[in-house]
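Below is one structure; the comments refer to it alone.
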Amino acid sequence: MFITGHNFTIEIYKNLLLSEQDDIEFYLHYKGKVYFGWAFTIKAIYSIMEKDKHTGESANGNFFWATDMIIVREMNEKILLETINHIINKEPELVDHMFSIIK
């Protein structure tokens, strides 16, 4: 699945409309580079921490961390597009710090 913004493309291997996941990995194609990113909802982070509480991971769910991560209010195409659009058009210097360059 490709979501196209004004001067970027977001590549996702899952259909956001059919996905019940609250986290998604994506590739951001911007200015000739490809970045890796991961979008989460607060619900997803809470679910992971609750699972970890029972499995013993992450100090029994006391913390959560992820590289290349943004947190979005809801997981859908509109919000993901608006979020990346805002970052690129309002704070483009953050792109290289927020996401890992993979190409």
Side-chain angles (χ1 to χ4, degrees):
M1 166 182 226
F2 289 90
I3 305 169
T4 303
H6 176 67
N7 54 356
F8 64 91
T9 301
I10 303 168
E11 181 180 358
I12 303 169
Y13 289 102
K14 294 185 179 180
N15 186 336
L16 286 178
L17 300 176
L18 301 176
S19 176
E20 294 183 12
Q21 287 186 231
D22 288 314
D23 67 287
I24 197 126
E25 296 174 359
F26 63 90
Y27 298 94
L28 172 62
H29 300 259
Y30 174 62
K31 288 191 172 183
K33 297 178 184 174
V34 180
Y35 297 86
F36 174 79
W38 203 349
F40 287 85
T41 63
I42 295 293
K43 178 182 170 187
I45 295 169
Y46 180 80
S47 294
I48 292 167
M49 293 179 80
E50 282 298 302
K51 174 194 66 76
D52 290 352
K53 185 191 311 184
H54 301 289
T55 64
E57 296 172 78
S58 300
N60 297 317
N62 286 329
F63 70 92
F64 173 86
W65 74 274
T67 60
D68 308 315
M69 178 181 79
I70 57 173
I71 299 172
V72 293
R73 183 172 302 282
E74 295 175 43
M75 190 59 67
N76 61 54
E77 183 176 328
K78 180 180 185 273
I79 288 180
L80 188 57
L81 181 63
E82 287 176 357
T83 300
I84 299 300
N85 188 61
H86 175 86
I87 294 166
I88 285 175
N89 291 305
K90 302 291 183 184
E91 304 177 84
E93 69 281 358
L94 292 180
V95 174
D96 285 334
H97 299 290
M98 294 177 78
F99 308 118
S100 293
I101 298 172
I102 58 172
K103 279 189 187 177

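Bear in mind the structure is a predicted one, so any value in this text is a computation, not a measurement. What you see below is based on every heavy atom in this structure, not just the backbone, and it leaves out hydrogens, waters and symmetry mates.
- The distance from atom CG of L28 to atom CE of M98, rounded to the nearest 0.5 Å, is 10.0 Å.
- N7 has its side chain within reach of N89: a pair of non-hydrogen atoms, C-beta onward, lies under 4.5 Å apart.
- Counting only heavy atoms from C-beta outward, the side chains of F8 and N85 approach each other to under 4.5 Å.
- No continuous path of ILVMFWY side-chain contacts below 4.5 Å connects Y46 to I70, so the two sit in separate hydrophobic clusters.
- Taking CE from M49 and CZ from F63, the interatomic distance works out to 8.5 Å, rounded to the nearest 0.5 Å.
- The nearest pair of heavy atoms linking N60 to G56 is OD1-CA, 3.0 Å.
- The distance from the NE2 atom of H97 to the CG atom of D68 is 13.0 Å, given to the nearest 0.5 Å.
- Between the side chains of Y13 and E11, at least one donor N or O lies within less than 3.5 Å of an accepting N or O.
- Checked against a 6.0 Å centroid threshold, the rings of F40 and W38 count as neighbours.
- With values rounded to the nearest 0.5 angstrom, Y30 atom OH is found 11.0 Å from I87 atom CD1.
- More than 12 non-hydrogen atoms from other residues, nucleotides or ligands lie less than 6.0 angstrom from NE2 of H86.
- Under a cut-off of 6.0 angstrom, the local environment of NZ in K31 is sparse, with at most 12 non-hydrogen atoms contributed by other residues, nucleotides or ligands.
- Under a 3.5 Å cut-off, the side chain of D22 and the backbone N or O of T41 do not form any donor-acceptor pair.
- In the hydrophobic clustering of ILVMFWY residues, with side-chain heavy atoms under 4.5 Å counting as a link, L94 and L81 come out together.
- Rounding to the nearest 0.5 Å places CZ of R73 at 15.0 Å from CG of L80.
- None of F36, F99, F2 except one satisfies the ring pair (Phe, Tyr, Trp, His ring centres under 6.0 Å) rule with F26; the exception is F99.
- The closest side-chain heavy-atom distance from M75 to K43 is not below 4.5 Å.
- Of all heavy-atom pairs between E77 and I3, the closest is CG-CD1, 3.5 Å.
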